[in-house]
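Only one structure is covered here, and it is reproduced in the block below.
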Number of protein chains: 2
Amino acid sequence: MLDKEAGKAAGAAQPAGQKRALRQPSIKDIARLARVSHPTVSRALQNSPLVNAQTAAKIRKIADEAGYRASAVARGLVTRRTRTIGLVVTTVADPFASEVVCGVEETANDHGYSVFLADSNADPVREKKVVQAFAERRVDGIIVTSSRVGALYLPLLAEMMVPIMLVNDQYPGAFVHSVMISNFEGMRAASEHLVGLGHRRIAYLGDKFGYASDTERVAGYRAALDAAGIPAMPELIVHGDGKPEAAMTAIEKLLTLADPPTAVCCYNDMSALGAMRQIRARGLRVPEDISVAGFDDLFFASYTQPPLTTVRQPMRRMGQLAMENLIKLMSGEESVEQIKVDAELIVRESTTMRS
Amino acid sequence: MLDKEAGKAAGAAQPAGQKRALRQPSIKDIARLARVSHPTVSRALQNSPLVNAQTAAKIRKIADEAGYRASAVARGLVTRRTRTIGLVVTTVADPFASEVVCGVEETANDHGYSVFLADSNADPVREKKVVQAFAERRVDGIIVTSSRVGALYLPLLAEMMVPIMLVNDQYPGAFVHSVMISNFEGMRAASEHLVGLGHRRIAYLGDKFGYASDTERVAGYRAALDAAGIPAMPELIVHGDGKPEAAMTAIEKLLTLADPPTAVCCYNDMSALGAMRQIRARGLRVPEDISVAGFDDLFFASYTQPPLTTVRQPMRRMGQLAMENLIKLMSGEESVEQIKVDAELIVRESTTMRS
DNA sequence: TTGTAGGCGTTATCAT
DNA sequence: ATGATAACGCCTACAA
């Protein structure tokens, strides 16, 4: 009977011989069916106390049977709020990003927000297009993850006059809100762990030079070594790009050293994946010949062989935090400028005592 | 000067002492600035040939300087098309889904569509909420990946009267369009590969019983064994849930058999991950003691130890195909009902000759 | 408690 | 080639 009613309602306002699919019922259709005015329908559906309980119930019943769904686009036009946010990621096909997306989406949904997702592919042109699309869609706020071109398009975002939240931004600016991980403390913990296992020649396999997260992590690494009285060894610091392939090339430089490291801290788990593979390719063993530590604790970290010692980022939680605080900002409340989240060292089997 | 102009335009239509951020300039603001009517602005910005080239240029310049962005919500209201689609995934925190999302998003963006992303978490309640949100947002179409509750809410979708594309749906229905992988042929190829290596006791570690993809894959497995004259061995067929943890439990049943298998075909790479871990936990080696094959070819498949033999699904391409065909459907064109994509066996090192 | 009127920012349909 | 005017579907006054 649901279909029948829906058909009637839509059909009623529909001229004969329509090409495209039947229109969805509008608030006026419901009003006609319920023999009231459309504002009354509007009130009834919003549970306004200003409407008679009985008529409200009747209206809700009729609306339900007709399959009526208030148009968020019409509502957005008049209220000037779309209850929509834009989420920019470099690529969802990256486990870190997808976890963040999950957290954002979940929280958004719970609060009646819908999420526009857009990949930038770290391409500035595309990123600009994406933000323009968000502007035209009149999103109420924006979340950007791991942006590597932040500085480039931040003015564009500002122009839109909506709140912006950054998650692990690579170029922290002064005027925006962000959720950041304790890069320094996290990598320091991993490095201290290796120092504690007796390692002295500890390498760092980083991300591209110059990114904030890499800079902070390398600083944490240095701090741990300094504290242990281990002098700087520039030849033990190499750079990948956060992905396995580049890590394979990068670690090769370490393995071919006259005096190779006995342990390596990787910028992230993806790099560790490549590093471990290349180490094995050279006939070496993890952790007997070389200990490997990662960062992120992606889902596969406990399934690598050996299971990966790493620094956990609560990625989903970070997404949730970003969204929760964006909601505050969107409702005009103030929110802390920078939310810092703790990283946690997870010791597994890819690290062991220096042999 | 950009900011100045924008401020002027917005300020002009703004009463003094506003609480919320300044309004974005509207088409009327631009019309006023350009001393033309707003329909002319509309035409100019759409590159309509009906407007004088010079005035068009002037209008575009002014609009640009004012930072004007036409409101997609207002446009959507009048055109009755939002150029928006809804994408439902069980969870983006699954590498398969995120690759599909990537493909969809990319293609959507290239065609001027924006994507609403929603996780269902395989929760029917949530899935229903999500679809209702899409209905209210007046999306032009919907894509659903790997749905496990399809049958439950498909009527709901139909009610919305927009085209729907399913990607690897678990309950293929007659009335919807879909992109599917060759489950049967793919798993048959993997099984044939194992048969070719001399294996006779080949197990199948599946997904939850009853899902279409699992049913098809197990059929492919059986077909390969049948062709080789290997009799059915019901004790060699076990079920996980497509995730590593459940696979660990499931494969345990195989390993504790009096006569354990020498090879196992896994429903997907995530299952293979758990299987390999549990095999090692029991002190057995892959592939020397037992060969393992996966399905999907997720990014980590070439980084497992040993690298995983698997059946590749062109996940991103499948997302693109889904979106491309949805676009056709949305413009009223017809499109094939079911798009079938070929799977490809990728032989790596997790499978070897029976010892 | 309910109805009437107006407007949100566009595009579409007429005129001119 | 351009302008006036009317939708689109909803919400928010204000009037009754």
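Convention: sequence-line order gives letters A, B, ...; per-chain numbering from 1. Any value given below was found using the heavy atoms of this structure, including those in side chains, with hydrogens, waters and symmetry copies removed. None of these values were measured; they are calculated from a predicted model.
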Exercise. Is the closest side-chain donor-acceptor distance between A:Arg137 and B:Ser114 under 3.5 Å?
Worked result: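 Note: A:Arg137 and B:Ser114 side chains meet the donor-acceptor criterion.
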
Exercise. Quick one: salt bridge (Lys or Arg N to Asp or Glu O under 4.0 Å) partners of A:Arg69, sequence neighbours excluded?
Worked result: none

Exercise. With the threshold set at 4.0 Å, does a side-chain nitrogen-carboxylate oxygen contact exist between A:Arg126 and B:Asp110?
Worked result: yes

For this session: In plain terms, say whether A:Asp29 and A:Arg23 are close enough for a salt bridge, that is, a side-chain N and a carboxylate O under 4.0 Å apart.
Result: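 Counted as a salt bridge, because a side-chain N and a carboxylate O are separated by less than 4.0 Å.
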
Exercise. CD1 of A:Ile339 to CG of A:Leu166: how many Å apart, nearest 0.5 Å?
Worked result: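 Rounded to the nearest 0.5 Å, the CD1-CG separation comes out at 11.5 Å.
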
Exercise. How long is the line joining CZ of B:Arg32 and P of D:dG3, in whole Å?
Worked result: 14 Å

Seminar exercise, completed: Of all heavy-atom pairs linking A:Val89 and A:Val92, the shortest is CG2-N, 3.6 Å

For this session: Can you sort out the partners of B:Ser71 under side-chain hydrogen bond (donor to acceptor under 3.5 Å, both in side chains), two or more places apart, ordered by chain and number?
Result: none

Exercise. Are any of the side-chain heavy atoms of B:Val115 and B:Met323 separated by less than 4.5 Å?
Worked result: no

For this session: Classify every nucleotide of nucleotides 7-16 of chain D by which part a protein heavy atom approaches to under 4.0 Å, writing B for the base, S for the sugar-phosphate alone and - for neither, in 5'-to-3' order.
Result: -BBBBBB---

For this session: Using the heavy-atom set of chain A and a strict 4.0 Å cut-off, write down the first and last nucleotide of DNA chain C that makes it in, 5' to 3'.
Result: C:dT1 to C:dT10

Problem set entry | For A:Arg317, the option from A:Glu324, A:Glu99, A:Glu106 that meets salt bridge (Lys or Arg N to Asp or Glu O under 4.0 Å) |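 The option that passes is A:Glu324.
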
For this session: Compute the angle between the rotation axes at the two ends of the helix from C:dT1-D:dA16 to C:dT16-D:dA1, each taken over five pairs, rounded to 10 degrees.
Result: 40°

Exercise. Which residue pairs pass the salt bridge (charged side-chain N to carboxylate O under 4.0 Å, His left out) test with at least one member in residues 43-61 of chain A, sequence neighbours excluded?
Worked result: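 Matches after skipping sequence neighbours: A:Lys61-A:Glu65.
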
